[in-house]
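The structure displayed is predicted, hence computed values, not measured ones. We use all heavy atoms of the structure for the numbers below, so side chains are in, but hydrogens, waters and symmetry mates are not.
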Amino acid sequence: MRKIVILCCFFCSLTLSAVTMRDVLKSMPDSIMPLLTENNMLDMIDFMDSNMTAEVTNVLQGKSRMLILSEQFAKIALTQSSEVELRLLDTQEPVDSISQIICLVKTYGTDVKESRVAFYSAKWRQLNTADYLVMPHHEPYEDTMWLANWNDEEPAMTVMSVRRLNLPANEEQEKLEDVSIILNWDGRILK
């Protein structure tokens with residue numbers, strides 16, 4: 001009986017074991033970042049591990065470059081006007097038998113940038129973003145575009161309102177102030 005309990009504990013610890021950002025990038029489906037092939041991703045990881053410039057030719061014959069790679073975080077410049085940040089987040093409740101989830105931030109634009117945030121299980125099953133992220137909902141920011149950036153050292157995201165498309169039409173109109181907020185991960189939600 002004791003052997004069975006030990007084996008069960010061993011297998012449970014394997015399924016709840018932590019994954020690294022390298023594992024996440026290697027297992028990422030092509031549909032998440034269709035601009036990069038599996039070989040592109042593996043090459044960038046190898047280049048980063050060898051302290052080389054992690055630049056590859058993407059499927060559109062442009063240049064993509066991994067800027068940061070750590071155990072919990074990665075930042076990739078896909079093109080001159082798009083980048084992706086991935087952050088592994090430890091969870092209080094395992095998702096798909098793993099105690100971590102992935103937050104992916106895609107940012108587009110040059111002069112005016114906007115970000116999209118998505119959450120995935122460590123097995124790349126898409127999760128409901130609203131279950132893991134509380135965005136600011138203050139008047140008059142209901143229809144605001146947001147720029148999001150992860151802190152590369154800790155699980156904190158800075159979100160900033162993007163107001164360039166909503167400038168006052170004349171001098172008498174009140175100009176809305178930009179809002180910058182830091183959201184912290186508490187093991188369940190980013191708020």
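In this structure, D49 CG and L69 CG are separated by 6.5 Å, a value rounded to the nearest 0.5 Å. Once rounded to the nearest 0.5 Å, the distance linking CG of L67 with OG1 of T53 reads 10.5 Å. Interatomic distance, CG of L36 versus CD of E38, reported as 12.0 Å (0.5 Å rounding). Distance check, rounded to the nearest 0.5 Å: CG of L88 to CH2 of W185 gives 11.5 Å. Taken from CD1 in I76 to OG in S82, the straight-line distance is 10.5 Å, to the nearest 0.5 Å. Note that NZ of K191 is 6.0 Å distant from CZ of R188, once rounded to the nearest 0.5 Å.
Counting heavy atoms from C-beta on, the side chains of I189 and L133 never come closer than 4.5 Å. V134 has its side chain out of reach of L183: every pair of non-hydrogen atoms, C-beta onward, lies at least 4.5 Å apart. Annotation: side chain of Y132 is not in contact with side chain of L190 (no heavy-atom distance under 4.5 Å). Between V95 and E93, the closest side-chain pair of non-hydrogen atoms is not below 4.5 Å. Residues T158 and S180 meet the side-chain proximity criterion, which asks for heavy atoms closer than 4.5 Å. The closest side-chain heavy-atom distance from M66 to M41 is below 4.5 Å. No side-chain heavy atom of V159 sits under 4.5 Å from any side-chain heavy atom of L147. D96 places a side-chain heavy atom less than 4.5 Å from the side chain of R125.
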Query raised in the report: Going through the checks in order, is the side chain to side chain contact (heavy atoms under 4.5 Å, CB included) test met by Y120 and Q126?
Result: CA-CA 4 Å; Y120 296 87; Q126 188 155 9; 3.8 Å; yes

Query - Intermediate values then yes/no, side chain to side chain contact (heavy atoms under 4.5 Å, CB included), F119 and L89 - result: CA-CA 10 Å; F119 289 86; L89 300 168; 4.0 Å; yes

Query raised in the report: Should S121 and Q100 be marked as a side chain to side chain contact (heavy atoms under 4.5 Å, CB included) after you check the CA-CA gap, both sets of side-chain angles, and the distance that decides it?
Result: CA-CA 7 Å; S121 73; Q100 292 170 304; over 6 Å; no

**Report entry** Residue pair C103, W150: steps toward the side chain to side chain contact (heavy atoms under 4.5 Å, CB included) verdict
**Finding:** CA-CA 9 Å; C103 180; W150 275 106; 3.6 Å; yes

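Transitive grouping of hydrophobic side chains (ILVMFWY, heavy atoms separated by less than 4.5 Å) brings M52 and M44 into a common cluster. Hydrophobic clustering (side-chain heavy atoms under 4.5 Å, transitive across Ile, Leu, Val, Met, Phe, Trp, Tyr) keeps V56 apart from L42.
Among pairs with a residue in residues 62-78, those fulfilling side chain to side chain donor-acceptor pair (under 3.5 Å) read R22-E71, T57-K63, N58-S64, at least two apart in sequence or across chains.
Checked by atom type and distance alone, the side chain of T79 pairs as donor or acceptor with a backbone atom of S81 at under 3.5 Å. Side chain of E83 to backbone of V105: no donor-acceptor contact under 3.5 angstrom is found. Judged purely by atom type and a 3.5 angstrom limit, T91 uses its side chain to pair as donor or acceptor with the backbone of S99. A donor-acceptor pair under 3.5 Å is formed between the side chain of N40 and the backbone N or O of T37.
What you find for V117 and A148 is that their closest heavy atoms are CG2-CB, 4.3 Å.
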Counting only pairs under 3.5 Å, give me each side-chain donor-acceptor contact of residues 25-35, with atom names and distances, residues two or more places apart or in other chains.
{"unit_1": "S27", "atom_1": "OG", "unit_2": "D23", "atom_2": "O", "d": "3.1"}
{"unit_1": "S27", "atom_1": "OG", "unit_2": "V24", "atom_2": "O", "d": "3.3"}
{"unit_1": "S27", "atom_1": "OG", "unit_2": "W124", "atom_2": "NE1", "d": "3.3"}

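One finds no salt bridge joining R87 and E85 here, because no Lys/Arg side-chain nitrogen approaches an Asp/Glu carboxylate oxygen to under 4.0 Å.
When the shell of 6.0 Å around CD of Q92 is examined, it contains more than 12 heavy atoms from other residues, nucleotides or ligands.
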